[in-house]
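Everything numeric here is computed off the predicted structure, so don't read it as measured data. Quick note on labels: first sequence line is chain A, next is B, and so on, each numbered from 1.
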Amino acid sequence: MHPLGWDSFGMPAENAAIKHGIHPAVWTRANIQEMKGQIQKMGISYDWDREIATFQEDYYRWNQWLFLKMWERGDVFRAHRNVNWCEELGTVLANEQVVDGKDERTGFPVVQKPMEQYFYAISKYSQELLDGHDQLDWPENVKAMQRHWIGRSEGARLSFDLATGEQIQVFTTRLDTLFGVSFMALSTEHPVIEEAAKADPGLKAFCDQVAGMSREDRLMSDIKLGYRSTVEAVHPFTGEKVPVFAANYVLMDYGTGAVMGVPAHDERDHAFAKKYGVSITQVIAPVDGHEVKAEDCFADEGILINSGEFTGLSSEAAVDAMVAKLGDRAEKAITFKLKDWGLSRQRYWGTPIPTIHCPTCGVVPEKAENLPVRLPEDVEFHGRGASPLTTSRAFLDCTCPACGAAATRETDTMDTFVDSSWYWMRYLDPKNDQAPFAKAESDAWMPVDLYIGGIEHATMHLIYARYFYKVLRDLGMVSGDEPFKKLICQGMVLKDGFKMSKSKGNIVDPDEVIARYGADALRLFMIFAAPIEKEIDWTGFEGIEGATRFLKRVTRMVDEHVVCGEELPAKDQLSKEEKELLRKLHLMIHRITDDLETRYSFNTLVSGLMELANALGDLPADAPHRGPVMQHALSAFVRMLSTAAPHLAEQLWEQLGGQGFVMHATWPEAQEAYMSAEEVTVVVQVNGKVRGRVTLSPSATEDERRAAALACPEAQAHLAGKEIVKVVIPPGGKLISVVVKNP
RNA sequence: GCGAAUGUGGCGGAAUUUGGUAGACGCACUGGAUUUAGGUUCCAGCGGUUCACCCCGUGCGGGUUCGAGUCCCGCCAUUCGCACCA
C-alpha cells in the first residue's frame, strides 16, 4: 500500500485567507489540486483510491470521535496555561509569530496570559514512550531526540516545612547535597510566592516583571533574577532557617516548581548565590581527593563531608540513607520533561473541539451521534480579532447534551498535530462511515513497514503519533504497541545551500524541469544524487543532464537491439564474453534487489543500473549468441529500470516485446547458475600489501592457492630471499596473504 | 554546556553481513575521433608524488592485526538537535 493524503488544516491556509481575502477552503482545494498534478506528472505510484484530506468533514469527524472516546477514558482535561496574547488583535499567536515580544506582522505587543485549554494526558505514557524505542528500527539520532524530549530523570521528592506551618515540596536529583542547602528558589507562579506577594509589593512587582517577559526573553537571558521573600523554610536535618526566593530560572511546569538551592554543587544555584550573597557550603568532596576551592562549584558526585551522620558516605549511598531517615518527608521519584499536550487553538481553520459550555452543567462533551460538529464555511475574515467562530451565531447556538438548555459551542479548534496523529490508520479504511477504521483492516496491515518523513518531525509529530497509537490500543482498536516499524528521515532538496522557498525566490519549478527533461530524468537524478536521508543541493542542471544522457543511451541500446524470441542457449555453449555479461547481470540483479528491498539504498541502485548498462554496451557486436543474450539481459534490465524511470521503461518494455505493463511484470530473479565463473582473479598480498594477481579456478584447494601465490611472478621481488612465516587464506577465495620476514 | 551524527579525489558519493584489491557510478575537467563550426555522440585519461617501478594517501595522533576507511583509545573539525529540566 502506498497512500497519500493532505494535511490541510492550519495556519498557512488561514494566513493566506487573511492576507489575500481568499477563503481557506478555496485556497486549500486549489493547492491540493496543483500539488496533486505535480505528483502525478512525476509518475509516483500513489494509490489515489485511498486519498484523504484532513480538512474534510469525513476525516475530522473522527478527530472529534476520538476526542470523545479519550474524554470518556479520562485522557482529556482542562487546565490553565500561558498563551501568547495580543490585546490589540484580540487573539492568540503561535510562538513563531512572536518576534521580540511583538506580533511579527503588526508589531503590536504580545504578553503571556493564562488561558483555560484542553489537554491530552500524554505524560501518563512517558515511560512507555521511552521503552518503546527498543523495538523500533529508527535512526539513532531521532530516538536520542525523543529521549531528550521525554527527559526522564531519577531523584527524590522532599518536603521542607515553612515557618507558617505550610510545606514546600521540591524535586531533586541530588538529595545527597541536602546539607549544602542555603536557600530555596521558587517559580514566580508558585502558590507560596503568589500568596506571599499579596503582602509584599516588591515581590509582586518582581513576579509581574518576570511574567511580562516573553517566552523567548526568558529562555534567552542568562541572567538569573531573584527576589527574597519574607518566607523562610526550615532545614529538615539541621533545623536552620533557609531564605525563600522567587527566581526566574525556576520553571513552574517542571517538577514541583520549587528548587532546593545548593550553590556549592549546582552551577545555576552557584551563579544565583553569588549574585544574591547567599552562603556557599561544600558538602561533597571529589572521590579522587583533589582540592575544590571554597568559592568554586563542584557538580559531580563524590563523598559526603559536613553532612552530620551522613559524612563519609558516597553520594549514591547517602541518597538511600537520607530517604530512609527522612521518613514521610521524602521519597524516591521520577520526573519527566514531557508535558501534557495542549491541543486548543483559538483559530478557525481546524477541527472544532466537540464540547459545549452549558450555564448549569459546565463543559459537556457533544453526543457522538451529533458528530460531526461542522466547521462553518460561511464566515467572514477580517484579519483582526478572534477566530470567526466566536462571532458566528449559527455555530455558537446549541443545546446542552446533558440538560437540554440553551448553551454555547466551544470555539477552540484542535492543534493540527491531532490530524496527523492517526491519519495513516484512515488510509486502511478511507471510506468507512461507521468508525475511523475497522479493526480487521488494522490487524491485516499494521504496523507501517516503512515511514518516510522529514527530520523536523523527530519529536513532536512522531511522539504524538506513537502516543495516539497506544491510546488506540488501549481503546481496543489496534493490536500493536508501535505504529512505525522502520523510519527513514528523508533529506531536503536545497538550492544554493538553502531550503527552497517562494519568498526567497530560490525555487526550481518541477513543472519546468519535467517539461525540459522529463519526469524520468528528474526522478533518476534525485535518487542518484545522494542517499535518501541526505540533503541534495540543486546547483545546476549538469546532474540532470547526466541522467538524461544515461536514459538516451539506454533507449539507443534497445532501439538497436533486434527483438529475439530465441531461447537462451545452455551456458556451456556461450562465449566467454557472453558468460561474463550474464554473470554481471545476475550479480547485479542480486545487488539491486537488495538495494531496493532491504537497504533502501536507491542511489546505489541507480549506479548499479548504470554499471549494468556499461556492461551491456561492452558485449562485442559479433558475439555468437548476441540476440538471445541481449534479449535476456535487456528484459531484466528494463524491469529494474522501471523503479527509477517508469515511463521510459514502459516504452522499452513494449519494444522488447514484453507482455502488459512492465510495472506488473515479475521482478527478475538472480540465478546462482550464472553467477559462478570458471576462473577468478585472486589478489596476492605480501605483508598486507597487494603485490600481484593470479587466476585460479574457484574450486582450487588451499594447497593449490598457496602454491600459486608463492609462484606469482609480480610477487617474486617481495618474496625472494625472505623467510615465509605463514600464508593466510581467508574465506571468500578472493585473496591470499603471504607473511614474510627477513631471515 | 548536554546529546547525536559525520569527516574518503575538484564535486556528489561507493566500498553489503563478519576487518580482506580504497575511490564503483556520475558530475566537472583534459586530450583525441566524427563535424564547416558549436552542440550531440564515441574513445582515452583523471588521489598525490621525484609519475613504467617504488613510495605516500580515507580529519589528526596512537594501538590491535598478516592485513584497518571499517575495530579500540585520545584529540580536532563540521553539522544537527536540546538548552536555566533542579
Side-chain angles (χ1 to χ4, degrees), chain A residues 139-149 151-153 155 170-174 177 185 187 218-224 247-251 253-262 265-269 271-272 299 335-339 455-456 458-459 489 524-525 528-531 533-537 539-547 549-550 552-553 556 590-591 594-595 598-599 601 603-614 617 681-693 714 717 725-741:
Chain A
E140 202 43 55
N141 63 331
V142 174
K143 289 197 211 176
M145 277 190 234
Q146 293 205 343
R147 273 199 298 276
H148 230 103
W149 189 265
R152 182 182 198 271
S153 103
V170 300
F171 172 75
T172 177
T173 53
R174 292 301 302 276
T177 64
S187 164
R218 238 177 126 161
L219 288 178
M220 285 304 147
S221 99
D222 270 344
I223 306 154
K224 305 244 174 313
N248 72 336
Y249 74 97
V250 181
L251 310 171
D253 54 6
Y254 180 77
T256 61
V259 174
M260 61 179 217
V262 186
H265 305 291
D266 183 282
E267 300 279 359
R268 297 150 305 182
D269 297 344
F272 188 86
T335 301
F336 294 92
K337 284 188 217 168
L338 184 66
K339 295 184 179 60
I455 186 73
E456 68 275 18
T459 46
C489 291
L524 197 77
F525 163 69
F528 177 58
E533 60 279 349
K534 285 200 74 169
E535 294 167 341
I536 304 173
D537 199 347
T539 45
F541 290 88
E542 291 86 359
I544 203 167
E545 274 167 9
R549 260 196 294 275
F550 168 71
K552 277 190 191 160
R553 225 169 91 234
R556 219 176 309 123
H590 180 76
R591 206 186 94 181
D594 197 41
D595 282 349
T598 65
R599 295 211 309 144
S601 176
N603 57 324
T604 54
L605 179 152
V606 175
S607 77
L609 288 171
M610 288 172 167
E611 271 182 67
L612 194 50
N614 290 345
T681 302
V682 177
V683 169
V684 178
Q685 287 186 347
V686 178
N687 286 350
K689 293 199 166 155
V690 180
R691 296 302 183 184
R693 286 173 177 80
E714 300 99 320
V725 179
K726 62 174 166 174
V727 179
V728 182
I729 302 176
K734 289 196 293 192
L735 177 135
I736 304 163
S737 185
V738 184
V739 185
V740 300
K741 70 172 183 188

Next on the checklist: Side chain of A:Asn248, heavy atoms from C-beta onward: which of B:C84, B:C42, B:G3 has the nearest atom to it?
Outcome noted: B:C84
Checklist entry - Okay, side chain of A:Asn687, backbone of A:Val740: is any donor-acceptor separation there less than 3.5 Å? => result yes
Item to check | Contacts of type side chain to side chain donor-acceptor pair (under 3.5 Å), residue A:Thr681, not counting sequence neighbours | outcome: none
Next on the checklist: Give me the distance, rounded to whole Å, that separates B:G69 from B:U16 when you measure between the C1' atoms they each carry.
Outcome noted: 15 Å
Next on the checklist: Output one letter per nucleotide in nucleotides 4-9 of chain B: B when a protein non-hydrogen atom lies under 4.0 Å from the base, S when only the sugar-phosphate is that close, - when neither is.
Outcome noted: S-----
Next on the checklist: Over all strands shown, is A:Arg691 touching base, sugar-phosphate only, or nothing at heavy-atom distances under 4.0 angstrom?
Outcome noted: sugar-phosphate
Next on the checklist: Using a 4.0 Å heavy-atom cut-off, does A:Pro531 contact any base of the nucleic acid, only the sugar-phosphate backbone, or nothing at all?
Outcome noted: sugar-phosphate
Item to check | side chain to side chain donor-acceptor pair (under 3.5 Å) partners for A:Arg693, two or more places apart | outcome: none
Next on the checklist: Taking the P atom in each of B:G23 and B:G9, what is the distance between them to the nearest angstrom?
Outcome noted: 14 Å
Item to check | Among B:C82, B:A86, B:C84, the nucleotide that comes nearest once only the side chain of A:Lys224 is considered | outcome: B:C84
Next on the checklist: Quick check for you: among B:C42, B:G12, B:G81, whose closest atom lies nearest to any side-chain atom of A:Met145?
Outcome noted: B:G81
Checklist entry - Is the Lys NZ or Arg CZ of A:Lys224 less than 6.0 Å from the centre of A:Tyr249's six-membered ring, within 45° of the axis? => result yes
Next on the checklist: Between A:Lys726 and A:Thr256, which residue's closest nucleotide on RNA chain B lies nearer the 5′ terminus?
Outcome noted: A:Lys726
Item to check | Pairwise C1' distance for B:A28 and B:G12, with rounding to whole Å | outcome: 11 Å
Next on the checklist: Minimum heavy-atom separation for A:Ala258 and A:Val250, please, with both atom names.
Outcome noted: N-CG1, 4.0 Å
Next on the checklist: What is the separation between atom NE2 on A:His148 and atom C1' on B:C80, rounded to the nearest whole Å?
Outcome noted: 13 Å
Next on the checklist: Just the rounded figure in Å: distance from P of B:A86 to CE of A:Met260.
Outcome noted: 12 Å
Item to check | Separation of atom NZ in A:Lys337 from atom P in B:A86, rounded to whole Å | outcome: 7 Å
Checklist outcome for this item: Protein heavy-atom contacts under 4.0 Å, written 5' to 3' over nucleotides 17-30 of chain B as B (base), S (sugar-phosphate only) or - (none), form the string ---BB--BBSSS--
Checklist entry - Does the side chain of A:Lys689 get closer than 4.0 angstrom to OP1 or OP2 of B:G57 through an N or O atom? => result no
Checklist entry - Got a sec, which residues hit salt bridge (Lys or Arg N to Asp or Glu O under 4.0 Å) with A:Glu140, two or more places apart in sequence or on another chain? => result A:Arg147
Next on the checklist: Applying a 4.0 Å non-hydrogen cut-off, can you work out what A:Lys534 is touching in the nucleic acid: base, sugar-phosphate, or nothing?
Outcome noted: sugar-phosphate
Checklist outcome for this item: Given the 90°-from-0 boundary between syn and anti, B:G38 should be labelled anti
Checklist entry - So what does the secondary structure string of RNA chain B come out as, 5' to 3', with Watson-Crick or wobble pairs under 3.5 angstrom, [ ] for crossing and | for pairs with another strand? => result (((((((..(((.......[....))).(((((.......))))).((......))..(((((..]....))))))))))))....
Checklist entry - To the nearest angstrom, how far is A:Gln146 atom CD from B:C2 atom P? => result 23 Å
Checklist entry - Should A:Tyr249 be listed as having a side-chain N or O under 4.0 Å from OP1 or OP2 of B:A86? => result no
Checklist outcome for this item: Separation of B:C66 atom P from A:Asn687 atom CG, nearest Å, is 10 Å
